[in-house]
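Just so it is clear: chains get the letters A, B, ... in the order the sequence lines come, proteins before strands, and each one is counted from 1. What's counted below: heavy atoms across the whole structure, side chains too, no hydrogens, waters or symmetry copies.
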Amino acid sequence: MDQAHIRNFSIIAHIDHGKSTLADRILEVTGAVTGREMRAQVLDSMDLERERGITIKAQAVRVHWRGHELNLIDTPGHVDFTYEVSRSLQACEGALLVVDAAQGVEAQTVANAYLAIENDLELVPVVNKIDLPQANPDGAAEEIAELIGDTPDHALRVSAKTGQGVEEILDAVIQRIPPPKGVSDGPARALVFDSSYDQYRGVVAFVRVVDGSFRAGEPVLAMAQGTRFEAEEVGFFSPTMQPADALSAGEVGYLVTGLKDVARLRVGETLTSQANPASEPLPGYREVKPMVFAGLFPTDSDDYPELRDALERLKLNDGSLSYEPETSQALGFGFRSGFLGLLHMEIVRERLEREFDLDLLVTAPTVAYRVETPTGEQVEVHNPADMPAERERVEEPYVRASIIVPKDGVGQVMELATERRGRFDHMEYLSPERVLLLYELPLGEIVFDFYDQLKSRTRGYASFDYDYAGFREGDLVRLDVLVGGEPVDALSLVLHREAAYSRGRLLVDRLREEIPRQMFDVPVQAAIGSRVIARETIKAKRKDVLAKCYGGDISRKRKLLERQKAGKKRMKQVGAVEVPQEAFLAVLNLDEGTKR
Amino acid sequence: MSGARHLYVHLPFCAARCGYCDFVTVVGRHARHGEYVDALIAELKLECGVLAERLETVFLGGGTPTFTEAGALQRLLRALPSCEELTVEANPETVTPDLASLLAEEGVTRVSLGAQTFQPHLLETLERRASPEVVRRAFYHLRDASFDNISLDLIYGIPGQSTSDLERDIDEALTLAPEHLSWYELEAKPGTRFTHVHGEELVRQAEEMEEYFERVVDGMTRAGYRWYETANFCLAPARHGARDLRSRHNLGYWLGRDYLGLGIGAVSTVGAERWRNTPRLGAYLEALTGGQRPLRDVEDLSAAVKREERVMLGLRLDEGLPLADATDAIDPRALDRLVAADLVRVRPANGAPPALVLTSRGRRLGGGVTAELLV
């Protein structure tokens, strides 16, 4: 189609502000799906996404409206997937900025709106849920205007639920969002903004064609990674896969690649034709690196092969998941896994437990540290147990955090951010009632309970999002936990020197409560290097004996003994000390136990 | 096979049921005592094939054997095969001079007296009928009837029992100078009336009571008693001529010997089989009146289970367990660990084969040590 009649757009919204409902309504109004086919929230295909109200994988749907071809590109809703979001946005010329009329602007809206502005997108403000009794459309419109420097009357007032105002949105997409401006007859270039893995057809790439066109059967080159394949099929979603002869400049659709590994075709890649390659790739490609790491261990060590297979299968669909084998003295065999962020970690963990029926022990999340050794060597550390004892300097990742809070919660947020080594950057009133605070914070402080603390200190009113802001030097130490004199590798932590004392005390106290008394005294210590900073002793049991045992008692006593023996088998061995799984869980979930 | 040399006879009758008791008991029913004794004698006849020609020990346990109507009790004692040690359990309130002489005349060599405690408020908690004075008097009646092997049963860990209550019990028991003492920790079984009433108090006192076992062992050993089994103490031979005052009958259990049990709920172990008679009086009487064996629960004991039990029981003894009996059942690496932790010793006896022996701390932690030691 002629580029002048194409519009490519996405929807930016905070969780639960109605993005998926609006997308469904657009499909319905444009006739892309009939009422009978209408399944609530067509675009979110995974169960997990439905349940959590989060969209993990982007997809693109083509609809027609008043002589135009509109491509709606769905973006992941969370910051962990910032890079994927930015690529989805790069595939568009504009975006609907949807805000709940009752809730107003939230932190996630802010982060993604900034991302859209950075990508030069035309923003169409939309106030949704105007049918709600507690809706305040004017207030929400003013908050949006304040955020993006617009006028409040520019915002459309709609109810995705009832359908009110949805046609006006489609009209505004055509009127306000510019058409694509690619070179139709130049060498072909397409941006890969997402991909998924199909068991039979291999990797399916979701692309936005910028210049030229792609035909089925054509040999294709991925310019950054050098991956070559033949486009077995090209087409678009409407909302199911519709094969087409070609995808041309300005259009959005898919390429079936036949590749067996999503990692060979990363998000952000530029595809071109092998026969007539473009000289320059599209800007902005980078390899996303995991920022948050944790050890995943099967609760039952016999499940290790199942965990390995499950991770392999997840990785087929999730190119940003990484893992390598890890052996812990205390927890046995498992995998040190890298995630884009905390939510990504939670999603992977839930999928492993739900789709693969695995019972997991997950160590405390940690971040990637850059360490310079005294010999000048640079190493990246993903596991506190690997932190070298001798080091010249350590750098840790920082984030730019946006926090939106009712004005009477500002003090609480500032206190928390300061406790977590936050650097205040900026504060503004989005409305007379709500304040946006920008902080720079070490990511390592956020992966400990930050979000829980924020929620509890503001009675649930704060919203929070972040974006990575590079590495900075920090006064960081490795805190080891020793049980019976043996370090428990799975419990080591890297943290700021000043936080080490209270954290060490907390860990030691909790372990003392959780580890049952043994046949000998068990010291529990927290140490930085060879210096013990907290210590408790689990006193030895004084008595553990079956009181009397005569002819009639023997079978019952034997069975008690066998139960005791079986209980010991379930314990994890740290040196001579038997530590129940629950003790590790309690310590690894320390944050949950300290919620206020 | 030479046959079982140990016989247990269960006499279930009691005047009242004590709240903490979990034995098979029958309250009252005087009219049936004679009938029950007849059934016991009939069962003995049916089972005498598993017994050895000469018995080492017979043990009359309960219930309250001495509550059994005197004529019936006498008939039973006369019907029993002769043996080297004949023990009868007695409750203090049933021990009269007449009963004591009846037991002595009928060849009873040893009496085990259920004293439980000498503190009136604790006797009340246990729902025992005897007062401390009655306990002492019973002991003297037995001595007067010339019993020279009397055992006292005592309980510690009673709800409301303070450390000084326990110390007083130890002193008062020692004042009587019994040849043998058994000290049992009170077991409050979940779901029982007793636990319902006293459970909270026991939880509150748990920390304090943890050292009661240690206090008992210290008190006994300081007074010259031999801690020969986890819960059992006897006067040491050095102070009492050459007599070995250990309970020979119970040693039979701890050494893994075969035994025959008669009566309701009684357990027998012969070779690779263990069975337990029905605990129901009516069913038991009916079967034996008709010349039939009573209904039984049978358990097959594999060689592995036998070995496991051998270790479990043998380690309760101060003499320990011959290493040869343990080697197939224990984890050698666990043994090394436990030896290093000073919980177990491998003791070469003079000339005798080496034995696994628990240290005194190891004996207090015997459950955990055994669980760790077994493969």
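- Taking 4.0 Å as the cut-off between side-chain N and carboxylate O, A/D521 and A/K539 count as a salt-bridged pair.
- For B/E214, the part lying near chain A is the side chain, with the backbone staying farther off; criterion is any non-hydrogen pair under 4.5 Å.
- B/Y253 and B/Y259 have their aromatic ring centers within a separation under 6.0 angstrom.
- With a threshold of 4.5 angstrom between heavy atoms, B/T230 approaches chain A through side-chain atoms but not through N, CA, C or O.
- With a 4.5 Å cut-off on non-hydrogen atoms, B/V24 does not touch chain A at all.
- Only the side chain of B/L301 comes within contact range of chain A, with heavy atoms under 4.5 Å apart.
- Between chain B and the options A/R558, A/Q564, A/K557, the largest number of non-hydrogen pairs under 4.5 Å is found for A/R558.
- Under the 3.5 Å distance criterion, with hydrogens and angles disregarded, a donor-acceptor pair is assigned to the side chains of A/N383 and A/E326.
- Between B/R246 and B/E319, at least one side-chain nitrogen of the basic residue sits less than 4.0 Å from a carboxylate oxygen of the acidic one, meeting the salt-bridge criterion.
- When each of B/E211, B/R337, B/R274 is scored by its heavy-atom pairs under 4.5 Å with chain A, the top score falls to B/R274.
- A/R510 has no carboxylate O lying under 4.0 Å from a charged side-chain N of A/E536, or vice versa, which leaves the two without a salt bridge.
- Checked options A/V483, A/I515, A/V574; the residue passing with A/V522 is A/V483 (criterion: side-chain contact (heavy atoms from CB on, under 4.5 Å)).
- For A/K543, the parts lying near chain B are the backbone and the side chain together; criterion is any non-hydrogen pair under 4.5 Å.
- Chosen from B/L365, B/V267, B/L338, the residue pairing most often with chain A at heavy-atom distances under 4.5 Å is B/L365.
- Neither the backbone nor the side chain of B/W183 comes within less than 4.5 Å of any heavy atom of chain A.
- Judged purely by atom type and a 3.5 angstrom limit, B/R363 uses its side chain to pair as donor or acceptor with the backbone of B/R316.
- A side-chain N or O of B/Y8 and one of B/H10 form a donor-acceptor pair less than 3.5 Å apart.
- Salt-bridge check for B/E207 with A/R517: failed, with every basic side-chain N at 4.0 Å or more from each acidic carboxylate O.
- When heavy atoms are compared at a cutoff of 4.5 Å, B/F59 does not approach chain A at all.
- With respect to chain A, the highest number of heavy-atom pairs below 4.5 Å among B/T269, B/L374, B/L186 belongs to B/L374.
- Neither the backbone nor the side chain of B/D342 comes within less than 4.5 Å of any heavy atom of chain A.
- Of the atoms belonging to B/E308, it is side-chain heavy atoms, and not backbone ones, that fall under 4.5 Å from chain A.
- With salt bridges taken as basic N to acidic carboxylate O contacts below 4.0 Å, none links A/K548 and B/E185.
- Interface remark: B/L343 contributes side-chain atoms only to the contact with chain A (heavy atom separation under 4.5 Å).
- With a 4.5 Å cut-off on non-hydrogen atoms, B/E187 touches chain A through its side chain but not through its backbone.
- Put simply, of A/R542, A/K565, A/E562, the one with the most heavy-atom pairs under 4.5 Å next to chain B is A/R542.
- Proximity to chain A (any heavy atom under 4.5 Å) is restricted, for B/S182, to the side chain, taken from C-beta onward.
- A salt bridge is absent between B/D297 and B/R276; no separation between the charged side-chain nitrogens and carboxylate oxygens falls under 4.0 Å.
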